[in-house]
Amino acid sequence: MVSAITEGVKVSVEVTYQPEFSSPHQQHFVFTYKVNIENNSAHTIQLMRRKWEIFDAGDEFKIVEGDGVVGQQPILEPGQSHQYISGCNLKSGLGKMRGSYIMEKIKDGKIFQVNIPEFQMIAQIFDN
């Protein structure tokens, strides 16, 4: 698990390779990642947008942006957290992701960016 703190907001990410949904011989590797967002600031905040940078060792690079996370724009009061699970497909068994969330402070509408720490995706492949 990796974590980063920006303006009192802690983002932790844990990644898992999903061999049952992957086909290494067809260059298809599936990973899931669990994200926990903790609001340790003194402000009530809302997650508005996300931006992911996805690097695949197979020479692919993608940027994925959109509103919220998995269809939600959670509001977090001080001390609250939000957890979700999402996934990523790679053509190689090796890659990494990093990104950011755009948050809004509910009280004054101030927009700020929260960093998502970089994490590695490594397929555990065993041939019998």
Side-chain angles (χ1 to χ4, degrees):
M1 180 181 301
V2 295
S3 298
I5 300 172
T6 310
E7 292 194 38
V9 179
K10 181 178 180 182
V11 178
S12 302
V13 183
E14 184 176 1
V15 66
T16 305
Y17 173 57
Q18 300 293 331
E20 63 275 17
F21 300 109
S22 299
S23 299
H25 299 302
Q26 296 176 329
Q27 297 182 323
H28 182 75
F29 298 85
V30 178
F31 297 85
T32 57
Y33 53 91
K34 180 167 52 173
V35 178
N36 189 53
I37 304 164
E38 298 175 54
N39 181 9
N40 298 318
S41 77
H43 308 281
T44 300
I45 58 174
Q46 183 170 16
L47 191 157
M48 305 304 291
R49 296 188 55 78
R50 72 184 181 291
K51 178 180 179 180
W52 286 106
E53 296 176 357
I54 306 166
F55 302 87
D56 188 331
D59 288 336
E60 287 209 5
F61 172 75
K62 290 190 284 190
I63 294 179
V64 178
E65 297 184 76
D67 292 336
V69 290
V70 292
Q72 299 180 0
Q73 291 179 309
I75 295 174
L76 302 173
E77 304 221 6
Q80 287 187 325
S81 63
H82 178 78
Q83 192 172 89
Y84 70 94
I85 297 174
S86 191
C88 179
N89 300 329
L90 297 180
K91 288 186 178 180
S92 76
L94 179 64
K96 61 185 178 180
M97 289 176 64
R98 67 177 175 227
S100 60
Y101 297 124
I102 299 298
M103 302 279 197
E104 179 179 348
K105 292 181 182 175
I106 297 297
K107 185 175 184 177
D108 61 10
K110 181 184 175 208
I111 301 294
F112 65 104
Q113 180 175 298
V114 171
N115 294 323
I116 303 168
E118 183 174 289
F119 58 93
Q120 306 241 340
M121 294 174 286
I122 303 170
Q124 301 294 328
I125 302 170
F126 302 101
D127 288 330
N128 292 331

Check: Gln113 and Thr6 side chains under 4.5 Å, non-hydrogen atoms: no

Polar side-chain atom of Ser22 near backbone of Pro24 as donor-acceptor pair, under 3.5 Å: no

Inter-residue atom distance Glu7.CD - Asn40.CG, 0.5 Å rounding: 13.0 Å

From CG (Leu47) to CD (Glu104), nearest 0.5 Å: 11.0 Å

Side chain proximity check, Val35 to Val69, heavy atoms < 4.5 angstrom: no

Side chain proximity check, Lys51 to Ile63, heavy atoms < 4.5 angstrom: yes

Ring geometry between Phe119 and Tyr33 (parallel below 30°, tilted from 30 to 60°, perpendicular above 60°): tilted

Contact check, side chains of His28 and Asn89, non-hydrogen atoms, under 4.5 Å: yes

Under 3.5 Å donor-acceptor, Gln120 side chain and Lys96 backbone: no

Joint hydrophobic cluster, Ile37 plus Val70, side-chain heavy atoms closer than 4.5 Å: yes

Spacing of CD belonging to Glu118 relative to CE belonging to Met97, to within rounding of 0.5 Å: 11.0 Å

Under 3.5 Å side-chain donor-acceptor pair for Ser12 and Asn36: no

Rounded distance (nearest 0.5 Å) linking atom CD of Glu65 with atom OG of Ser100: 8.0 Å

Residue pairs, two or more places apart or on separate chains, that pass ring pair (Phe, Tyr, Trp, His ring centres under 6.0 Å) and touch residues 59-90: Phe55-Phe61

Side-chain donor or acceptor of Gln46 paired with backbone N/O of Ile106 under 3.5 Å: no

Transitive ILVMFWY side-chain link Val114 to Val64, under 4.5 Å: yes

Audit row: Met103, Asn39, side chain to side chain contact (heavy atoms under 4.5 Å, CB included) steps and yes/no: CA-CA 11 Å; Met103 302 279 197; Asn39 181 9; over 6 Å; no

Cluster link Leu94 to Leu90, ILVMFWY, side chain under 4.5 Å: no

Spacing of Thr32 atom OG1 and Ile85 atom CD1 [to the nearest 0.5 Å]: 6.5 Å

Geometric class of the Phe31/Tyr17 ring pair [parallel <30°, tilted 30-60°, perpendicular >60°]: tilted

Nearest-0.5 Å distance, CD1 of residue Ile116 to OG of residue Ser3: 12.5 Å

Ile102 backbone acceptor or donor facing Arg50 side chain under 3.5 Å: no

Val9 and Tyr101, any side-chain heavy atoms less than 4.5 Å apart: no

Lys105 atom NZ, neighbour heavy-atom count above 12 within 6.0 Å: yes

Ile54 with Ile122, same ILVMFWY side-chain cluster at under 4.5 Å: no

